[in-house]
Amino acid sequence: MTRVAIIEADTPIPAVVSELGTYGTIFTNLLVAAGLSQETTQYSVHHVVEHPENLPNLEDPADPLDAVLISGSKHNSYEDIDWINQLAAFVNAALAKGVRVVGICFGHQVVARALGAKVGVNPKGWEIAAVPITLTEKGQEVFAELADTAAAADGTINIMQMHRDIVFEVPEGTELLAYTDVCRVQGFYKRGAIWTVQGHPEFTDFIETSLITLRRDAGAIDPELAADGLKRAHDRNDGPAIAKSIVRFIRDE
């Protein structure tokens, strides 16, 4: 039995929770659909924003953890806040134990921070909606599930984005997976240890449009950028195929 812990670093907006559940449910459903069935996998969900003591137990020899997945978040990965500091320390502790770590958006940034890479606000601004990211040679290997798609033919794949913070440098000991003009570190990888992406393979067009609308109405995203993003939110989304790469990583295939 494979044991996977999903760390919720945020709660989705109410419309998304009502329709799809929290990130624990959303990611469980994504990984199950990608091949990590509940018959062979034990999933646990750990919400840590208000309760950092809910981080998974790394010290139980009778029930060892195989992988952790850290979700996205509206919070800033670089802030000196207790639960974020504890989460970054947990990443290093998990890696030291041989637990595979998957980071999504905020999770990608927290993993980079834990490894000593610079994380902060992107001077180029927001990156939103379905965005083609250019794969490196390692990225083409890691995202082999997309090799026969039209996307991969031009060396790119599409992933939903919703971020203004970025990782500025590839962490030491890892390999770059992909990049865009707006964000030069779209993911990094270390065989058997680390798999991250800046984008959101778990986002549907419903989640994306709901977030764009909310942040536009709150004044966080410029109306012109939001209008463009609302159009592109319905472009091809390679998230389900990207999830198969996560499953292959967790299984060490």
Side-chain angles (χ1 to χ4, degrees), residues 1-11 21-32 34-73 75-117 119 142 167 170-175 177 187-198 201-202 243 245-253:
M1 180 73 73
T2 301
R3 186 178 170 215
V4 177
I6 298 171
I7 298 177
E8 294 182 327
D10 200 1
T11 300
T22 67
Y23 285 123
T25 299
I26 291 169
F27 275 110
T28 298
N29 290 339
L30 180 76
L31 296 178
V32 168
L36 210 58
S37 76
Q38 290 179 300
E39 294 179 355
T40 60
T41 309
Q42 177 187 343
Y43 290 95
S44 61
V45 178
H46 308 261
H47 189 84
V48 298
V49 179
E50 293 83 13
H51 302 284
E53 70 276 8
N54 285 343
L55 283 165
N57 181 8
L58 296 171
E59 305 298 332
D60 185 356
D63 196 12
L65 193 60
D66 294 289
V68 297
L69 183 152
I70 305 171
S71 79
S73 179
H75 301 282
N76 300 321
S77 60
Y78 48 84
E79 287 196 277
D80 183 15
I81 295 175
D82 185 54
W83 73 268
I84 299 177
N85 294 341
Q86 289 191 44
L87 182 55
F90 173 85
V91 167
N92 283 321
L95 292 171
K97 289 283 187 181
V99 178
R100 293 177 173 83
V101 176
V102 176
I104 308 295
C105 194
F106 169 90
H108 156 81
Q109 296 162 14
V110 165
V111 175
R113 169 184 166 174
L115 297 177
V119 180
V142 169
V167 176
V170 180
E172 184 177 353
T174 70
E175 296 180 81
L177 292 179
F188 53 90
Y189 175 86
K190 182 177 181 180
R191 175 72 184 269
I194 299 164
W195 187 109
T196 79
V197 287
Q198 178 58 70
E202 81 282 12
S245 172
I246 301 176
V247 169
R248 187 154 51 87
F249 166 74
I250 291 172
R251 289 175 171 166
D252 198 25
E253 296 177 349

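Counting heavy-atom neighbours within 6.0 Å of E172 CD, excluding the residue itself, gives a total of 12 or less. In D80, the CG atom is not crowded: 12 or fewer heavy atoms of neighbouring residues, nucleotides or ligands sit closer than 6.0 Å. Dense packing is recorded around CD of E53, with more than 12 heavy atoms of other residues, nucleotides or ligands lying under 6.0 Å away.
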**Request:** Determine, stepwise, if the pair D63 / Q42 fulfils side chain to side chain contact (heavy atoms under 4.5 Å, CB included).
**Result:** CA-CA 10 Å; D63 196 12; Q42 177 187 343; 3.9 Å; yes

**Request:** Start with the C-alpha gap between Y23 and H47, add the side-chain angles, then the distance that decides, and say whether ring pair (Phe, Tyr, Trp, His ring centres under 6.0 Å) holds.
**Result:** CA-CA 9 Å; Y23 285 123; H47 189 84; 9.2 Å; no

**Request:** With side chain to side chain contact (heavy atoms under 4.5 Å, CB included) as the test, would you mind laying out the steps for E202 and I104 before giving the verdict?
**Result:** CA-CA 9 Å; E202 81 282 12; I104 308 295; 3.6 Å; yes

**Request:** Show your working on side chain to side chain contact (heavy atoms under 4.5 Å, CB included) between Q38 and Y43 and close with a plain yes or no.
**Result:** CA-CA 8 Å; Q38 290 179 300; Y43 290 95; 3.9 Å; yes

**Request:** Please lay out, stage by stage, how I194 and L115 fare under the test side chain to side chain contact (heavy atoms under 4.5 Å, CB included).
**Result:** CA-CA 11 Å; I194 299 164; L115 297 177; 3.7 Å; yes

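Once rounded to the nearest 0.5 Å, the distance linking CG of D82 with CG of L87 reads 11.0 Å. For the atom pair CD of Q86 and CG of N54, the computed distance is 10.5 Å after rounding to the nearest 0.5 Å. The distance from the CZ atom of F90 to the CD1 atom of I70 is 7.0 Å, given to the nearest 0.5 Å.
Counting all heavy atoms, side chain and backbone alike, V101 lies closest to A94 at CG2-CB, 4.1 Å. The shortest heavy-atom contact between V119 and Y78 is O-CB, 3.8 Å. Contact detail for G21 and I26: the closest heavy-atom pair is O-CD1, 3.6 Å. In this structure, I250 and A67 approach most closely via the heavy-atom pair CG1-CB, 3.9 Å. Counting all heavy atoms, side chain and backbone alike, I6 lies closest to G24 at CD1-O, 3.7 Å. The two atoms that bring S71 and A9 nearest to each other are OG-N, 2.9 Å, heavy atoms only.
At least one donor-acceptor pair under 3.5 Å links the side chain of R100 to the backbone N or O of F249. Of the possible polar contacts, one joining the T196 side chain to the F188 backbone as a donor-acceptor pair under 3.5 Å is found. Within the 3.5 Å criterion, the main-chain N or O of S77 finds a donor-acceptor partner in the side chain of R113. A donor-acceptor pair is defined here as one N or O able to donate and one able to accept, closer than 3.5 Å; such a pair exists between the side chain of D66 and the backbone of R3.
Checked against side chain to side chain contact (heavy atoms under 4.5 Å, CB included), A5 has the following partners two or more places apart in sequence or in another chain: S44, H46, P56, L65, V68. Scored by the ring pair (Phe, Tyr, Trp, His ring centres under 6.0 Å) test, F27 finds no partners at all (sequence neighbours excluded).
Inter-residue side-chain proximity for I81 and H75 is flagged as unmet; no heavy-atom pair is nearer than 4.5 Å. Counting heavy atoms from C-beta on, the side chains of T2 and T40 never come closer than 4.5 Å.
Taking a cutoff of 4.0 Å between a charged side-chain nitrogen and a carboxylate oxygen, E59 and K97 qualify as a salt bridge.
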